[in-house]
There are 2 protein chains.
Amino acid sequence: MADTRPARRRILDTAGILFYAEGIRAVGIDRIIAESAVAKATFYHHFPSKDDLVAAYVQERIDQQQVAIAALPEREPLEMLHLIFTKMGEIGASPSFRGCPFINAAAEHPNPAHPVRLVIDRYRSWFHAMMLHYLTEARHPDPERTADLLMILRDGLAVGGQLDNPAALTAVVDVALDRLLVGVR
Amino acid sequence: MADTRPARRRILDTAGILFYAEGIRAVGIDRIIAESAVAKATFYHHFPSKDDLVAAYVQERIDQQQVAIAALPEREPLEMLHLIFTKMGEIGASPSFRGCPFINAAAEHPNPAHPVRLVIDRYRSWFHAMMLHYLTEARHPDPERTADLLMILRDGLAVGGQLDNPAALTAVVDVALDRLLVGVR
DNA sequence: CCGACACTAGACAGACCTGTCTGGTACTGT
DNA sequence: ACAGTACCAGACAGGTCTGTCTAGTGTCGG
């Protein structure tokens, strides 16, 4: 019955669930320690401060998303964009969805120079570059500005999935993408 | 030199600044009391709990936005949409912009049944209805879905203004709107 | 067999949190 | 003149927060 995952893994798993579901400031270290069945000294051995854990939590979500995207089947560039955004719509419509973890984390960390914000910045640069890559490969006539628009679509889908009727979102993902890619296809 | 604004007004003004700039959980009652130069009993007389203050804060932001939109000059429906979104782009690019207060507040209140979330829901319904209204007036061929898209644009602009280079946003607002309104104009 | 290392259990400090309560002042309308 | 109301000052309670510290256990490579 003993949990055999190493302590650091248990901490990150617990933090991943609690931070996402309840918010970062709302979840105290004591609770993470209790629910991951770890000694306090062990926790502070792996993460010298709560901020370090938060940064690791955000980074892990980034890794997961990058792995998921790398696992998509290889298709034509425009098809890839459709795959990515359709997937996003599905995730946004799933019942466990509580918004984009990066947008939510940023809302709790207003200082743009905070380590957590820097991690988020890197993620956003990566995502934007990916959009630009597919658009350029597809010989889109206006790849830079269109990449900006797809970034807006990404954020809008994430927020809408959290605050509006998520089912309605999946219905408009394709339309949104087609209209923003106007002229191509 | 005495501050002549009534206590409730001072509290709301202080809370408006601090909650928006630093986050809701990050700002304690004691600090709001100190900075608005109010006695603790007075505070709890006007706002029985912090949640009540938070709800009033969000509601006040809504009121301000609705007043600002009502103050726009009257134009053709499509022109109105351009006015609204251009204004949003400008606000998002201003240096004091720290993201959409509603999206940020929602990130700190994950429970959709929380009073603050209900206030936000009302705001979003109002905004969506306004989009639908202008689209219908403009005889857009697909007003419902397009209103959903404009909601996505709204959220995407707000998040982008907070997390990306805000100047870049103003440059794409018009393009975004034109592409999402495809077919009209 | 031993030293290094990851880990456990939990007390403790000091700050900060929300909310209550007491007691007193000043202005306002009647 | 008097009641009501709005306000001020600040102590207090009880909880939670992050982070430190002591002291001991189990395991594993060499």
Side-chain angles (χ1 to χ4, degrees), chain A residues 1-58 104-105 107-111 114-117 119, chain B residues 1-58 104-105 107-111 114-117 119:
Chain A
M1 283 295 97
D3 194 337
T4 57
R5 288 169 301 166
R8 184 187 165 89
R9 187 66 263 140
R10 294 204 306 274
I11 294 169
L12 277 171
D13 289 347
T14 307
I17 293 168
L18 294 182
F19 282 162
Y20 183 63
E22 305 187 20
I24 291 168
R25 273 198 120 94
V27 176
I29 294 292
D30 280 345
R31 189 153 157 232
I32 292 174
I33 285 170
E35 296 200 18
S36 50
V38 145
K40 204 157 194 177
T42 305
F43 174 87
Y44 279 100
H45 167 71
H46 288 291
F47 304 99
S49 78
K50 185 181 179 178
D51 268 2
D52 291 297
L53 173 63
V54 175
Y57 151 69
V58 172
N104 289 348
E108 295 201 67
H109 295 86
N111 177 4
H114 189 285
V116 169
R117 286 290 294 270
V119 174
Chain B
M1 283 298 97
D3 193 338
T4 57
R5 288 169 302 166
R8 185 188 163 88
R9 186 69 263 141
R10 294 204 306 276
I11 294 168
L12 277 170
D13 288 348
T14 308
I17 294 167
L18 294 181
F19 282 162
Y20 183 64
E22 305 187 19
I24 291 168
R25 275 199 118 95
V27 176
I29 295 292
D30 280 344
R31 186 149 160 237
I32 292 175
I33 285 169
E35 297 201 17
S36 50
V38 144
K40 206 158 194 177
T42 304
F43 174 87
Y44 278 101
H45 167 72
H46 288 291
F47 304 99
S49 78
K50 184 180 178 179
D51 268 1
D52 291 298
L53 173 62
V54 175
Y57 152 69
V58 172
N104 290 348
E108 295 201 68
H109 295 87
N111 177 5
H114 189 285
V116 169
R117 287 289 294 270
V119 174

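Being a predicted model, the structure only gives us computed values, none of them experimental. Naming: A, B, ... by sequence-line order, numbering from 1 per chain.
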Whole-Å gap separating [atom2] ([N]) and [atom1] ([X]):
| X | N | atom1 | atom2 | result |
| --- | --- | --- | --- | --- |
| A:Ile33 | C:dA9 | CD1 | C1' | 12 Å |
| B:His45 | C:dT18 | NE2 | P | 20 Å |
| B:Arg5 | D:dA6 | CZ | P | 19 Å |
| B:Arg8 | D:dT5 | CZ | C1' | 16 Å |

message: Any side-chain N or O of B:Thr42 below 4.0 angstrom from OP1/OP2 of D:dC8?
response: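 Indeed, a polar side-chain atom of B:Thr42 lies that close.
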
What's the spacing between [X] [atom1] and [Y] [atom2] if we round to 0.5 Å?
| X | Y | atom1 | atom2 | answer |
| --- | --- | --- | --- | --- |
| A:Glu108 | B:Ile24 | CD | CD1 | 10.0 Å |
| B:His46 | B:Arg10 | NE2 | CZ | 9.0 Å |
| B:Leu12 | B:Ile17 | CG | CD1 | 11.5 Å |

message: Can you build the contact string for nucleotides 9-26 of chain D? Use B for base contact, S for sugar-phosphate-only contact, and - for no protein heavy atom under 4.0 Å.
response: BBB-----SBBBB-----

field: Degree of bending in the helix from C:dC1-D:dG30 to C:dT30-D:dA1 once both end axes are built from five pairs, to 10°
entry: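 Taking the rotation axis at each end, their angle is 20°.
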
- request: Output, in order, the C-alpha distance, side-chain angles, deciding distance and verdict of side-chain contact (heavy atoms from CB on, under 4.5 Å) for A:Asn111 and A:Arg117.
  value: CA-CA 8 Å; A:Asn111 177 4; A:Arg117 286 290 294 270; over 6 Å; no

- request: Go through the steps to decide whether B:Phe19 and B:Val58 satisfy the test side-chain contact (heavy atoms from CB on, under 4.5 Å), and finish with yes or no.
  value: CA-CA 10 Å; B:Phe19 282 162; B:Val58 172; over 6 Å; no

Whether A:Glu22 side chain and A:Val27 backbone form a donor-acceptor pair below 3.5 Å: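 The answer is no, because no donor-acceptor pair under 3.5 Å joins these two groups.
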
message: So does B:Val116 get a backbone contact from the side chain of B:His114, meaning a donor-acceptor N/O pair under 3.5 Å?
response: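 Yes, the answer is positive, given that a donor and an acceptor are paired below the 3.5 Å cut-off.
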
Would you be so kind as to tabulate the donor-acceptor pairs closer than 3.5 Å made by side chains of residues 32-45 of chain B, with sequence neighbours excluded?
residue: B:Glu35; atom: OE2; partner: B:Arg31; partner atom: NE; Å: 3.0
residue: B:Ser36; atom: OG; partner: B:Ile32; partner atom: O; Å: 2.5
residue: B:Lys40; atom: NZ; partner: B:Asp30; partner atom: OD1; Å: 2.9

